[in-house]
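Remarks on the structure that follows.
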Amino acid sequence: MMGRPVAEQIVAILEQNPEVQVLDVTGGAPELNENFRYLVAESRRLGRRVIDRCNLTVLLEPEMEDLAAFLAGHAVEIVASLPCYREGNVDEQRGGGVFAKSIAALQRLNALGYGRADSGLALDLVYNPVGAFLPPSQAELEGQYRETLRARFGIEFRGLLTITNMPIKRFAAWLAREGQLDAYLSLLVNHFNAATVSGLMCRSLLSVGWDGRLYDCDFNQMLDLPLPAGAGYHARTIWELAALEVCHGQRIATGSHCFGCTAGAGSSCGGALQ
């Protein structure tokens with residue numbers, strides 16, 4: 001779990017590098033980290049956009065009753081995971097009762113103004129496939145989400161982000177057990193789209209691990225794939241990152257999982273690339 005020294009250094013880097021405009025906080029349920037609110041408050045004080053990648057159910061956890069109001073009070077942008085607009089699909093993937101809790105959390109956010117036009121409080125939802133296939137059209141799926149969630153629950157949101165399932169960690173293990181790993185990797189390779197490369201998140205994002213180590217993206221962090229070594233590569237941890245210029249032009253660490261971000265319409269933290 002990220003400690004206070006790393007959090008303080010992140011704030012210091014933001015203060016020293018005004019060109020960095022966004023702090024994107026993720027990690028399952030980052031709101032449970034004791035330094036989450038410090039990071040949010042200090043980043044907003046510096047005038048930065050802050051994105052919270054929220055699993056929604058955390059808003060209903062004991063002692064988190066004020067979390068939604070805290071996020072709204074600091075105008076934090078919320079990117080919320082809702083893998084489907086159907087209850088059965090969500091509960092099968094995430095566990096029984098998760099869909100109902102997610103809906104209750106979304107309604108709480110809507111009541112604070114999130115997802116409402118002209119409120120200034122951005123709320124996006126995230127879809128990722130539950131199997132070994134690429135996401136459908138982001139625009140078409142967003143329409144289905146919007147129609148169903150509005151009609152059944154009165155829920156409003158800004159947009160839907162579709163993200164490709166990456167063949168790493170638990171998903172890779174599941175694919176291997178099902179005998180689908182090679183087929184899924186072939187699917188990604190065969191749908192490589194060169195037009196997505198210019199928009200890949202690893203070209204402009206710097207991922208900071210809980211211990212302050214640096215990575216090119218969150219997927220590389222999950223795989224413990226650090227920044228490439230070699231001449232001219234000096235910053236390996238956030239404490240060596242006095243100025244971001246040291247990262248400009250550095251080679252990006254890659255692996256077979258990178259085809260997940262370049263397949264079909266592409267995939268990034270901001271959804272489809274095309």
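Below, each value reflects all heavy atoms present in this structure, side chains not excepted, and no hydrogens, waters or symmetry copies. What you are looking at is a predicted structure, and each value in this text was computed from that prediction instead of being measured.
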| query | Is there a donor in the side chain of Ser102 and an acceptor in the side chain of Arg94, or the other way round, less than 3.5 Å apart? | reply | no

| Co-members of Leu181 in a cluster of I, L, V, M, F, W and Y side chains, linked at under 4.5 Å | Leu134, Phe171, Trp174, Leu175, Tyr184, Leu185, Leu187, Leu188, Val189, Phe192, Val197, Leu200, Phe259, Leu273

| Residues, nucleotides or ligands: over 12 heavy atoms within 6.0 Å of Glu140 CD | no

| For Ile252, the rest of its hydrophobic cluster, which grows through side-chain links under 4.5 angstrom | none

| query | In terms of side-chain geometry, is the basic nitrogen of Glu240 or Arg236 positioned less than 4.0 Å from the acidic oxygen of its partner? | reply | no

| query | Should Ile13 and Leu205 be counted in the same cluster of Ile, Leu, Val, Met, Phe, Trp and Tyr side chains packed under 4.5 Å apart? | reply | no

| query | Backbone N or O of Val40 within a donor-acceptor pair of the Ser43 side chain at under 3.5 Å? | reply | no

Could you list the donor-acceptor pairs under 3.5 angstrom formed between side-chain atoms of residues 65-73 and any protein atom two or more places apart in sequence or on another chain?
{"residue": "Glu65", "atom": "OE1", "partner": "Glu63", "partner atom": "N", "Å": "3.2"}
{"residue": "Asp66", "atom": "OD1", "partner": "Arg37", "partner atom": "NH2", "Å": "3.2"}
{"residue": "Asp66", "atom": "OD2", "partner": "Arg37", "partner atom": "NH1", "Å": "3.1"}

| request: Can you see which heavy atom on Thr254 is nearest to which on Leu225, and at what distance? | output: O-CD2, 4.0 Å

| Counting N and O atoms only, with roles assigned by atom type, does the side chain of Asn17 sit under 3.5 Å from a partner on the main chain of Leu244, one being a donor and the other an acceptor? | yes

| field | Transitive ILVMFWY side-chain link Tyr145 to Ile103, under 4.5 Å | value | yes

| field | Atom pair CG/OG1 of Asn193 and Thr196 - distance to nearest 0.5 Å | value | 5.0 Å

| Which salt bridge (charged side-chain N to carboxylate O under 4.0 Å, His left out) pairs, counting each pair once, include a residue from residues 11-21, with sequence neighbours left out? | none

| request: Mark yes or no for whether Asp124, through its side chain, and Leu160, through its backbone, hold a donor-acceptor pair below 3.5 Å. | output: no

| query | Would you say the side-chain atoms of Asp216 pair up with the backbone N or O of Ala253, donor to acceptor, closer than 3.5 Å? | reply | yes

| query | Just wondering, more than 12 heavy atoms not from Arg45 lying within 6.0 Å of its CZ? | reply | yes

| query | Taking all non-hydrogen atoms of both residues, which atom of Glu142 and which atom of Gly159 are closest, and how far apart? | reply | OE1-CA, 3.7 Å

| Lys NZ or Arg CZ of Arg4 over Tyr38 ring: under 6.0 Å, within 45° | yes

| message | Tell me whether Glu92 at atom CD has more than 12 heavy atoms from other residues, nucleotides or ligands lying less than 6.0 Å away. | response | no

| query | According to a 4.5 Å side-chain heavy-atom criterion applied to Ile, Leu, Val, Met, Phe, Trp and Tyr, with indirect links allowed, do Leu227 and Met222 form part of one hydrophobic cluster? | reply | no

| request: Would you please test Asn89 and Glu87 for side chain to side chain contact (heavy atoms under 4.5 Å, CB included) and show each step? | output: CA-CA 6 Å; Asn89 290 2; Glu87 183 172 5; over 6 Å; no

| Under 4.5 Å between any side-chain heavy atoms of Pro30 and Met1, yes or no? | no

| query | Would a hydrophobic clustering, with Ile, Leu, Val, Met, Phe, Trp and Tyr connected at side-chain separations under 4.5 Å, put Phe36 with Leu46? | reply | yes

| task | Please answer whether the main-chain N or O of Thr164 pairs with a side-chain N or O of Ser267 as donor and acceptor at a distance below 3.5 Å. | result | yes

| query | Taking the side chain from Arg146 and the backbone from Phe157, do they hold a donor-acceptor pair closer than 3.5 Å? | reply | yes

| field | Verdict with reasoning, His257 to Leu223, per side chain to side chain contact (heavy atoms under 4.5 Å, CB included) | value | CA-CA 10 Å; His257 62 287; Leu223 292 170; 3.6 Å; yes

| message | When you compare the side chains of Ser207 and Asp218, does any donor N or O come within less than 3.5 Å of an acceptor on the partner? | response | yes

| field | Test item: Leu23 and Arg44 side chains (from C-beta on) under 4.5 Å apart, heavy atoms | value | no

| Atom CD of Glu147 with >12 non-hydrogen neighbours under 6.0 angstrom | no

| Step by step, would you call Cys202 with Phe219 a side chain to side chain contact (heavy atoms under 4.5 Å, CB included)? | CA-CA 10 Å; Cys202 56; Phe219 300 121; over 6 Å; no

| task | Could you give me the CA-CA distance, side-chain angles and deciding distance for Val79 and Asp52, then say whether side chain to side chain contact (heavy atoms under 4.5 Å, CB included) is met? | result | CA-CA 6 Å; Val79 176; Asp52 174 27; over 6 Å; no

| request: Taking Asn33 for its side chain and Met2 for its backbone only, find out whether a donor-acceptor pair lies under 3.5 Å. | output: yes

| query | Got a sec, which residues hit side chain to side chain donor-acceptor pair (under 3.5 Å) with Arg150, two or more places apart in sequence or on another chain? | reply | Glu156

| Is it true that Asp224 and Arg213 have a side-chain N and a carboxylate O under 4.0 angstrom from each other? | yes

| task | State yes or no: do Ile155 and Leu123 share one hydrophobic cluster built from I, L, V, M, F, W and Y residues joined by side-chain heavy-atom distances below 4.5 Å, directly or via other members? | result | yes

| query | Do Cys84 and Phe99 have side chains that get closer than 4.5 Å, going by heavy atoms? | reply | no

| task | Enter the distance from Asp24:CG to Met201:CE here, rounded to the nearest 0.5 Å. | result | 9.5 Å

| query | Within the side chain of Asn165, is there an N or O that forms a donor-acceptor pair under 3.5 Å with the backbone of Pro129? | reply | yes

| note | Contacts satisfying salt bridge (charged side-chain N to carboxylate O under 4.0 Å, His left out) that involve residues 111-121 (not counting sequence neighbours) are none

